[in-house]
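Take a look at the structure set out below.
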Amino acid sequence: MTATTPEGGADGLPPGLPMPVTLPGLPERVRIHEVGARDGLQNEKATVPTAVKAEFVHRLADAGLTTIEATSFVHPKWVPQLADAAELMPLLADLDGRQPAVRLPVLVPNEKGLDLALGLGVREVAVFGSATESFARANLNRTVDESLAMFEPVVARARAAGVRVRGYLSMCFGDPWEGPVPIGQVAAAARRLYELGCTELSLGDTIGVATPGQVVALLDELTGGGIPVDRLAVHFHDTYGQALSNTLAALQRGVGIVDASAGGLGGCPYAKSATGNLATEDLVWMLHGLGIHTGIDLDRLSATSVWMAEQLGRPSPSRTVRALTHQEL
Ligand code: HMG
Ligand code: MG
């Protein structure tokens, strides 16, 4: 029988909340890589004022998130929503000395982006590659080979400067132009990106089409090919409602870094069928229910997403945010 909290919700917990019960094979801790301020806001029609972005990041840090992807140093014509990256970063400087430490990675596609980021004292960057030619062209105006060549000096210089480099790999399962992406093609692209020297590889289901068996198959292919599981992260979009089940499958395979977006903000401006990311609140609800430590104050995080939804003028799509804040489902 499952233990539940008493009716009415003791200790401020929602009524009927079951006590945590774990499952075999799960990590003890999960680090959430929060992408709302970047992946979320890059896809908004309206450009959010810089001061609101800065407040968003501070509220996320106050809620206990320790890795908060802040923005992108990309061409402003390609992603006008994040054209204020150079103005935003100094407004986040006070987060530097926090305990626990707050990491503020930013996306950089090329050396120009890296120079701008390093000039502002950024300590963690991410390059973003594609498993398919169509998305490489749409997102970076490059072939897969050309994009890897563009990343090579970025990764080398960043590592030489002691800066962490995440490598995103998009379209790991399906691609809106090319359909299903063969696992061998994804594994080959992942390996090339990893071998550039990325400290972490985030596997993106950019259009949210994957299901758990496919996730496990890809993870097994990559770890079987020598990429340690502790270097892998997963990045799911929730287009078909599969993001949480895919995450659980990845956790059971030993993945301990999960990307998520507060309130489920997100998408990708260069992939039409990409909808919101996995909502951080939905993820935290599941992790806490499994007894996995995150360090996140869920009420505070939900309040942040409600606040951000007000700024954007529409409700959060996260089921957990809506349930916790008594909004209609
Ligand atoms: P391009 O047009 O081929 O650039 O774009 P270029 O190298 O030919 O240079 C053209 C001009 O852009 C030059 O200026 C450069 O200086 C300038 P001009 O001489 O004409 O005045 N430029 C820059 N300006 C500012 N910052 C820079 C920069 N680089 C060049 N970094 C480029 C190539 C890569 C720049 C462009 O395609 C671009 O910015 N793409 C970014 C697209 C993007 O941000 N997409 C969203 C992120 S990916 C994603 O969301 C997926 C993910 O979430 C995972 C998942 O879900 O799968 C990560
Ligand atoms: Mg994404």
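Order of appearance sets the numbers: ligands from 1, and atoms from 1 within every ligand. Positions are given from 1, in the same order as the sequence printed here.
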> Heavy atom under 4.0 Å from ligand 1: found in V79's side chain, backbone, both, or neither?
Replying inline: side chain
> Can a donor-acceptor pair be found between the side chains of S134 and E178 at a distance below 3.5 Å?
Replying inline: yes
>> Once you restrict to heavy atoms under 4.0 Å, what part of V35 touches ligand 1? Side chain, backbone, both or neither.
In response: neither
> With a 4.0 Å heavy-atom cut-off (strictly under), which part of N139 contacts ligand 1: side chain, backbone, both or neither?
Replying inline: both
>> Show the atoms of ligand 1 that are less than 4.0 angstrom away from any heavy atom in N141.
In response: 1 (P), 2 (O), 3 (O)
>> Counting C-beta onward and ignoring hydrogens, is there a side-chain heavy-atom pair between V79 and H75 closer than 4.5 Å?
In response: no
> Is it the case that more than 12 heavy atoms not belonging to E146 sit under 6.0 Å from its CD atom?
Replying inline: yes
> In terms of atom number and element, which parts of ligand 1 are under 4.0 angstrom from non-hydrogen atoms of H235?
Replying inline: 53 (O), 54 (C), 55 (C), 56 (O)
>> So that I can tick it off, tell me whether D230 and R31 are bridged by a salt bridge, with the cut-off set at under 4.0 angstrom between side-chain N and carboxylate O.
In response: no
>> If we set the cut-off at 4.0 Å for heavy atoms, which region of S170 has an atom near ligand 1: side chain, backbone, both, or neither?
In response: both
> Of all the N, O or S atoms in H235, which one sits nearest to the Mg ion (ligand 2)?
Replying inline: NE2
>> Regarding atom 25 (C) of ligand 1: of the candidates D115, V108, V74, which has the closest heavy atom?
In response: V74
>> Taking ring pair (Phe, Tyr, Trp, His ring centres under 6.0 Å) as the definition, give me every residue that meets it alongside H33, ordered by chain and number, with sequence neighbours left out.
In response: none
> Mind checking whether H237 has a heavy atom under 4.0 Å from ligand 1?
Replying inline: yes
> Of the backbone atoms (N, CA, C, O) and the side-chain heavy atoms from C-beta on, which set of R38 has a member under 4.0 Å from an atom of ligand 1: side chain, backbone, both, or neither?
Replying inline: side chain
>> Between R166 and D259 (salt bridge meaning N to carboxylate O under 4.0 Å), is one present in this structure?
In response: yes
>> Below 3.5 Å, N or O to N or O, backbone or side chain included: is there any such pair between D205 and ligand 1?
In response: no
>> I'd like to know if E200 pairs up with R231 as an ion pair, taking the criterion as any Lys NZ or Arg NE/NH1/NH2 lying under 4.0 Å from an Asp or Glu carboxylate oxygen.
In response: no
>> Tell me whether R319 is salt-bridged to D282, with the criterion being a basic N under 4.0 Å from an acidic carboxylate O.
In response: no
> Counting heavy atoms only, which of Y168, F73, W78, F135 is nearest atom 37 (O) of ligand 1?
Replying inline: W78
>> Among the N, O or S atoms of D39, which one sits nearest to the Mg ion (ligand 2)?
In response: OD2
> Considering distance alone, does some N or O of M171 sit under 3.5 Å from an N or O of ligand 1?
Replying inline: no
>> Heavy atoms only: which of E146, H75, R142 lies closest to atom 8 (O) of ligand 1?
In response: R142
> Just distances here: any N/O of K112 and N/O of ligand 1 closer than 3.5 Å?
Replying inline: yes
> Out of N110, N277, L169, L140, who gets a non-hydrogen atom closest to atom 29 (N) of ligand 1?
Replying inline: N110
> Do N246 and Q214 come close enough that some side-chain heavy atom pair is under 4.5 Å?
Replying inline: no
>> Distance under 4.0 Å to a non-hydrogen atom of G113: what atoms of ligand 1 satisfy this?
In response: 31 (N)
>> Tell me whether the NZ or CZ atom of R38 lies within the 45° cone about the ring axis of Y168 and under 6.0 Å from its centre.
In response: yes
>> I'd like to know if R137 and E133 make a salt bridge, using a cut-off of under 4.0 Å between side-chain N and carboxylate O.
In response: no
> How is the N/O/S atom of H237 that comes nearest to the Mg ion (ligand 2) named?
Replying inline: NE2
Enumerate, atom names and distances included, each donor-acceptor pair closer than 3.5 Å involving a side-chain atom of residues 153-165, sequence neighbours excluded.
{"residue": "R157", "atom": "NH1", "partner": "E111", "partner atom": "OE2", "Å": "3.0"}
{"residue": "R157", "atom": "NH1", "partner": "D115", "partner atom": "OD1", "Å": "3.2"}
{"residue": "R157", "atom": "NH2", "partner": "D115", "partner atom": "OD1", "Å": "2.6"}
{"residue": "R159", "atom": "NH1", "partner": "G197", "partner atom": "O", "Å": "2.5"}
{"residue": "R164", "atom": "NH1", "partner": "E124", "partner atom": "OE1", "Å": "3.2"}

> Any nitrogen or oxygen of S72, main chain or side chain, under 3.5 Å from a nitrogen or oxygen of ligand 1?
Replying inline: no
